[in-house]
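In what follows, a structure is listed as C-alpha cells, so that the remarks can point back to it.
Along the sequence shown, the residues carry numbers beginning at 1.
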Amino acid sequence: MINNPDVSVVIPTLGRTKELEDCLTAIGKQDFVGLEIVVVTDNNQRLKFLEDKYNGLNITIIQQDKKGLASARNAGLAAARGKIVSFIDDDVEVSAGWAKEVVDTFKVSESIGGVSGPTEIPLDIASNRDLLAFHEKISKGIIWKIIGRIYTVFILERSADSVGRIFRSGAFSVGSNYDKSAKLPGNIEVDYLEACNMSFRREILLKTGGFSPEYKGIGDWSEPDLAFRVHQAGYRLVFNPKAAVIHRISCKGVFQQRGDDSFQRMVNFVHFYFKWMRPFNPDKLMRFSLNLMFTNCYWFYKFAQTGKLAWLSGVSGTFAGLRSELCRL
C-alpha cells in the first residue's frame with residue numbers, strides 16, 4: 001500500500017465486472033507510480049477478488065450506502081487519500097501517460113482546480129450514445145439537414161465540435177469524444193470537465209462540498225454543477241489533449257437505468273440551468289426553449305424506438321422541473 005498517493009482514482013461501478021477489469025488492466029499499464037484505486041460498488045463482497053487479481057494496483061473496494069452516482073463519487077472521495085482525485089467510469093480505458101499528464105497539468109499553476117482530457121468513443125460503438133448518433137444523422141438528407149441547421153446554429157452556437165463548452169441553451173459540446181480533440185496543440189480552458197475523465201485537487205473538492213446530492217437518480221448534471229462551483233471558487237478548469245481515455249460505452253449497468261430515470265434527468269437539467277444559466281433574457285430563453293423542445297422530441301423518439309413508457313417520463317420531468325424552479329423565484 002502507498003502511504004501518501006499522489007492520485008486517487010475513484011471508479012463507481014454497477015453490474016459491469018468485465019468492463020471494470022479492462023479498466024483496471026489499462027490503469028496497470030500507467031507509466032506513473034503513486035496511484036491508489038478506490039472502487040465504489042453496491043456490493044463490495046462481490047468484487048473482493050479484484051484486490052488479489054490486481055494486487056499491484058493498491059485497490060480499495062468500498063460499499064456504497066446511498067443510491068445514485070453523486071453519492072457513489074462522494075463515497076469514493078471520502079475514502080481517497082491522494083492530493084489529486086480522479087473520477088473515471090468503469091467502461092473507460094486510460095492511456096499509458098494519462099496519470100502523468102493529469103499531474104503535470106496541475107503543476108502548471110495553483111490556479112488550476114480541475115483537469116480533463118479526450119474521451120474518445122470508438123466509431124464502431126459510437127451509436128451506443130444517442131447524442132453522437134444524432135450528430136451523425138443531421139448531416140444526411142434534406143429534412144435532417146434542416147433540423148440540424150436549427151440545432152447547430154441556435155442550440156450549439158455553430159460550435160458543435162468544440163471542446164468543454166456549455167452553451168447558452170444549456171446544451172454541451174461533444175468535441176472531446178472525437179480523436180481530433182487529442183490533436184489540439186496544447187491545453188485549453190473549458191467550462192466543464194468530461195464526466196468519465198475528470199480530476200480535481202482534493203482540497204478543492206472538500207472546500208466546495210463534492211458532488212451535490214440535489215442531483216438525484218443517476219446524477220445527471222451533478223458533474224457540470226461541481227465544475228461551475230470550482231469556477232465560482234476562483235479556479236480554472238483545463239483540458240489537456242494528452243490526458244486521454246477511450247470510452248468503450250457499455251450498454252449494461254447504470255446505462256440501463258437511463259430510460260427509467262428520464263423524469264429525474266430532466267428535473268436535474270432544468271435545476272442546473274436555472275441555478276447557473278438563468279433564462280431571464282430573450283436570447284437565453286429562446287435557446288433554452290429550443291433545447292427543451294429537441295430534448296422532449298428525443299423522449300418521444302426513444303418511446304417509439306423501444307416501446308417503453310418510461311422514456312416519456314422525461315416530458316413530465318420537464319414540466320415538473322420548470323414548475324419547481326419557477327416556484328423558487
Side-chain angles (χ1 to χ4, degrees), residues 116 119 129-139 143-178 181 188-195 198 212 214-215 217-232 237 239 258 261-302 311 313-326 328-329:
S116 190
T119 57
R129 188 173 185 186
D130 288 329
L131 186 57
L132 296 187
F134 175 69
H135 277 257
E136 178 68 19
K137 186 178 285 289
I138 60 178
S139 66
I143 299 298
W144 277 110
K145 284 184 177 180
I146 294 173
I147 294 172
R149 182 72 175 168
I150 297 170
Y151 184 77
T152 56
V153 170
F154 294 103
I155 295 178
L156 302 184
E157 301 178 29
R158 304 178 189 268
S159 301
D161 293 336
S162 59
V163 171
R165 287 194 61 191
I166 292 184
F167 302 103
R168 285 171 285 176
S169 63
F172 56 88
S173 61
V174 296
S176 74
N177 296 146
Y178 299 106
S181 68
I188 61 172
E189 291 195 31
V190 291
D191 298 330
Y192 72 101
L193 305 182
E194 301 301 321
M198 53 183 173
S212 174
E214 64 191 330
Y215 296 91
I218 60 175
D220 272 22
W221 296 92
S222 62
E223 304 96 342
D225 177 84
L226 175 57
F228 276 47
R229 282 186 281 121
V230 171
H231 271 305
Q232 189 179 57
L237 302 177
F239 181 95
R258 296 179 68 81
D261 202 45
S262 300
F263 179 93
Q264 190 61 53
R265 290 168 67 189
M266 286 308 298
V267 170
N268 287 356
F269 167 63
V270 173
H271 175 64
F272 170 85
Y273 195 90
F274 273 75
K275 180 178 180 180
W276 294 107
M277 313 293 288
R278 303 182 67 81
F280 300 140
N281 65 56
D283 178 72
K284 278 189 176 180
L285 181 60
M286 178 271 292
R287 295 175 191 273
F288 174 59
S289 299
L290 274 175
N291 191 15
L292 288 182
M293 182 189 74
F294 269 86
T295 305
N296 281 282
C297 285
Y298 170 72
W299 303 131
F300 280 103
Y301 163 76
K302 290 301 290 185
W311 285 105
S313 68
V315 179
S316 55
T318 301
F319 289 102
L322 288 171
R323 182 173 62 250
S324 176
E325 296 305 319
L326 291 173
R328 294 176 198 268
L329 298 179

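Residues meeting the side chain to side chain donor-acceptor pair (under 3.5 Å) test with Ser116, sequence neighbours left out: none. Applying the side-chain contact (heavy atoms from CB on, under 4.5 Å) rule to Phe228 yields the partners Ile166, Phe272, Trp276, Met277; only residues at least two apart in sequence or on another chain are considered. Applying the ring pair (Phe, Tyr, Trp, His ring centres under 6.0 Å) test to Tyr273 and every residue at least two apart in sequence or in another chain returns Phe288. Under the side-chain contact (heavy atoms from CB on, under 4.5 Å) criterion, Arg165 pairs with Glu157, Ser159, Ser162, Phe167, Ser173, Asp191, sequence neighbours left out. Qualifying side-chain contact (heavy atoms from CB on, under 4.5 Å) partners for His271, counting only residues two or more places apart in sequence or in other chains: Glu214, Tyr215, Lys275, Glu325, Arg328. Under the rule for a side chain to side chain donor-acceptor pair (under 3.5 Å), Thr152 has no partner lying at least two apart in sequence or in another chain. Applying the salt bridge (Lys or Arg N to Asp or Glu O under 4.0 Å) test to Lys302 and every residue at least two apart in sequence or in another chain returns Asp130. For the side-chain contact (heavy atoms from CB on, under 4.5 Å) test, residues two or more places apart in sequence or in another chain that qualify with Ile188 are Val163, Leu184, Val190, Phe239. Residues passing the ring pair (Phe, Tyr, Trp, His ring centres under 6.0 Å) test with Tyr178: none are found, sequence neighbours excluded. For Glu194, there are no salt bridge (Lys or Arg N to Asp or Glu O under 4.0 Å) partners at least two apart in sequence or on another chain.
Interatomic distance, NZ of Lys284 versus CG of Asn291, reported as 13.5 Å (0.5 Å rounding). In this structure, Met293 CE and Ser169 OG are separated by 11.5 Å, a value rounded to the nearest 0.5 Å. Summarising the geometry, atom CZ belonging to Arg168 is positioned 12.0 Å from atom CG belonging to Leu156; distances are rounded to the nearest 0.5 Å. Between atom CE of residue Met266 and atom CG of residue Asn296 there is a gap of 5.5 Å, rounded to the nearest 0.5 Å. Between the CG atom of Leu193 and the CG atom of Leu237 there is a distance of 4.5 Å, given to the nearest 0.5 Å. Expressed to the nearest 0.5 Å, how far CZ of Arg149 lies from CZ of Phe154 amounts to 9.0 Å.
Relative orientation of the Phe269 and Trp221 rings is tilted, given thresholds of 30° and 60° on the angle between their planes.
For the residue pair Ser181 and Ser176, no side-chain donor N or O sits within less than 3.5 Å of a side-chain acceptor on the partner. Ser212 and Asp225 are not linked by any side-chain donor-acceptor pair at a separation below 3.5 angstrom, with hydrogens and angles left out of the test.
Judged by distance alone, the side chain of Ser324 and the main-chain N or O of Gly321 form no donor-acceptor pair under 3.5 Å. The backbone N or O of Gly217 sits nowhere less than 3.5 Å from a side-chain atom of Asp261 that would complete a donor-acceptor pair. Of the possible polar contacts, one joining the Asn268 side chain to the Asp220 backbone as a donor-acceptor pair under 3.5 Å is found.
In this structure the side chain of Pro224 never reaches within 4.5 angstrom of the side chain of Phe172, judged on heavy atoms. Put simply, the side chain of Thr295 does not reach to within 4.5 Å of the side chain of Thr318, judged on heavy atoms. Side-chain atoms of Glu223 and Leu226, non-hydrogen and from C-beta on, never get closer than 4.5 Å to each other. When side chains are defined from C-beta on, Tyr298 does not count as touching Leu131, because their heavy atoms never get closer than 4.5 Å.
Shortest non-hydrogen contact noted between Phe134 and Ile147 is CZ-CG2, 4.4 Å.
Sequence neighbours left out, the pairs with a member in residues 287-298 that pass salt bridge (charged side-chain N to carboxylate O under 4.0 Å, His left out) are Asp283-Arg287.
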